[in-house]
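Labels below follow one simple rule: chain letters A, B, ... track the order of the sequence lines, proteins then strands, and each chain is numbered from 1.
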There are 2 protein chains.
Amino acid sequence: MSSDQTRSAILAAAERLYAERGFGDVTLRDIVAEANVNLAAVNYHFGSKDELIAELFVTRSIQTNRERLNELKAAEDKGGGRAAIEDIIRALVGPPLRGCLGPDREGSTAARFMIRASIESVPPIRRIKNREVDHLRKFAAAMRRAMPGRDDTELYWGLHFALAMAHHTIREKERLIRLSDGKCDLDDVAGIIDRVVAVSVVALTGGEVASKSPARPAVAHGRLTRQDL
Amino acid sequence: MSSDQTRSAILAAAERLYAERGFGDVTLRDIVAEANVNLAAVNYHFGSKDELIAELFVTRSIQTNRERLNELKAAEDKGGGRAAIEDIIRALVGPPLRGCLGPDREGSTAARFMIRASIESVPPIRRIKNREVDHLRKFAAAMRRAMPGRDDTELYWGLHFALAMAHHTIREKERLIRLSDGKCDLDDVAGIIDRVVAVSVVALTGGEVASKSPARPAVAHGRLTRQDL
DNA sequence: GATAGTTTCATACAATTGTTTGAAATGCAA
DNA sequence: TTGCATTTCAAACAATTGTATGAAACTATC
């Protein structure tokens, strides 16, 4: 078995086990058993258990961040360098929501792993998350360009609340289903994204934009377009 | 030393250590050393480490939940049995935000403990949080009374987003400060509550209420009154 | 096919951890 | 004081865990 095969087997097995059991009670011995490799292989290939977890998480994070930046770039290109605020928020919350929610992702190991990482916060993951600020600054900058004149503070709060709604929906998915007795459809990812974006936008614009929308929530049916706002 | 003294000493020491170091690397030996009691005392008085953590968390949770219900009751009494939606949201997010944020709470062990419990999610705490749904149902019911005719689904999403903003602000407090370079004042708890309430209300009412507010966020200065909406 | 570098393997290590035990101490009522 | 129940204590237990080791197996290059 080549070196890369072992590495990949460990990564795959670890992600699978972490996804279904959580970080708390998965040991290196569990992982190597699942991967059918020797115990020492983890330390040989990754240095330590924490570095293995870190590599798993950064891989998925980079993926999400790349999608985010791609969407942001596309939105800015579309607007001639200045993206619409709702498109910026959409680029921010869309990728993680699509990555973690949705019926097709139900069986996705990657999705469940990221949900775990979002719920249980282990040291190696926390360290990586702390570096996320630099990534978010790019979105803050885009928002500043989209809303010149708007106070920076308001902008940060809007960004913060948008992430709050997205992440909390991922984290507390099960609870919301239970609380709403299944009425909230967590499989309708597009609808959820629309909701988060709509609320974030009124939070940022102070409501004057939303005033044009009907009393019935604009996201009730179908996808929210810019015309709806 | 009487039995209760030992119990209390353990509880206090544990909360202090968990608050400052997190659940991950505080052992029973650390706790008993801090409390100046024997190692076996924890198992004698609490049964197990997990039950100690659970008791710490339920104590604080009950406290928050009681405050919430008190505020809800007061709001309903004020409105003759039917509370205004913004007062319901305020009763929901006010207590945890006041409990965990604010300059005076900076040194509060209880506050820092609850923040830890919100960030790191250990099994005994997760188990308790899962029971929180019943508590939230009371707020869903109050909201239903406040907004008759409104689709239940919208109501749950509004409740969910309100909690999202409150909890995420508690969880990611430090990151928001760093991201905003200190521009977001996390010590202005009343202002934060106003923000969360304002956004939640427009999320719930679909924006038609917020349309009467100025373009500048209504929460920029002072406390948001119902007239502001 | 010999050699050097890489990877695998079984095993041991060392430290930590929550928990248990049984005796000693303490408190308290009769 | 005696006797009984509660509480404390030092010590040991038992199991787990991440990591390190050194030899063996393997791979690729010359």
Notebook entry, point to check: In whole Å, what is the span from the CZ atom of F23(A) to the P atom of dT17(D)?
Noted result: 16 Å
Note to self: How bent is the helix from dG1(C)-dC30(D) to dA30(C)-dT1(D), measuring the angle between the end axes built from five pairs each, rounded to 10°?
What the structure shows: 0°
Note to self: Go through it in stages, so that I can follow the logic: the residues are E76(B) and K138(B), the test is salt bridge (charged side-chain N to carboxylate O under 4.0 Å, His left out), and I'd like the CA-CA distance, side-chain angles, deciding distance and then a yes or no.
What the structure shows: CA-CA 12 Å; E76(B) 291 192 322; K138(B) 295 173 186 163; over 6 Å; no
Using a 3.5 Å cut-off and no angle test, enumerate the donor-acceptor pairs between side-chain atoms of residues 46-56 of chain B and protein atoms at least two apart in sequence or in another chain.
{"from": "S48(B)", "atom 1": "OG", "to": "E51(B)", "atom 2": "N", "distance (Å)": "3.3"}
{"from": "S48(B)", "atom 1": "OG", "to": "E51(B)", "atom 2": "OE2", "distance (Å)": "3.2"}
{"from": "K49(B)", "atom 1": "NZ", "to": "V26(B)", "atom 2": "O", "distance (Å)": "3.3"}
{"from": "E55(B)", "atom 1": "OE1", "to": "R7(B)", "atom 2": "NH2", "distance (Å)": "3.0"}
{"from": "E55(B)", "atom 1": "OE2", "to": "R7(B)", "atom 2": "NH2", "distance (Å)": "2.3"}

Next item on the list: Calculate the interatomic distance between Y44(B) atom OH and dA10(D) atom P; express it in whole Å.
Entry: 17 Å
Next item on the list: Would you mind reading off the distance between D4(A) atom CG and dT27(D) atom P, rounded to a whole angstrom?
Entry: 14 Å
Item checked: Gap separating the OG1 atom of T169(B) from the CZ atom of R195(B), nearest 0.5 angstrom -> 10.0 Å
Margin query: Is the distance from the ring center of F113(A) to that of F23(A) below 6.0 Å?
Written below: yes
Check: When you check the phosphate oxygens OP1 and OP2 of dT7(D), does a side-chain N or O of N38(B) lie under 4.0 Å from one of them?
Finding: no
Margin query: What is the separation between atom CG on N43(B) and atom C1' on dA12(D), rounded to the nearest whole Å?
Written below: 14 Å
Checklist line | Phosphate OP1/OP2 of dT8(D) contacted by T6(B) side-chain N/O (<4.0 Å) | finding: yes
Check: Does any non-hydrogen side-chain atom of I10(B) lie less than 4.5 Å from one of V32(B)?
Finding: no
Notebook entry, point to check: So what does A40(B) hit on the nucleic acid, given a heavy-atom distance under 4.0 Å: a base, only sugar-phosphate, or nothing?
Noted result: base
Check: F161(A) vs W157(A) aromatic rings, parallel, tilted or perpendicular, using cut-offs 30° and 60°?
Finding: tilted
Note to self: With a 4.0 Å limit, can you tell me whether H45(A) has a side-chain N or O closer than that to the phosphate oxygens OP1/OP2 of dT6(C)?
What the structure shows: no
Note to self: Contact list please: residues 25-33 of chain B against DNA chain D, heavy atoms, distance less than 4.0 Å, in numerical order.
What the structure shows: R29(B)
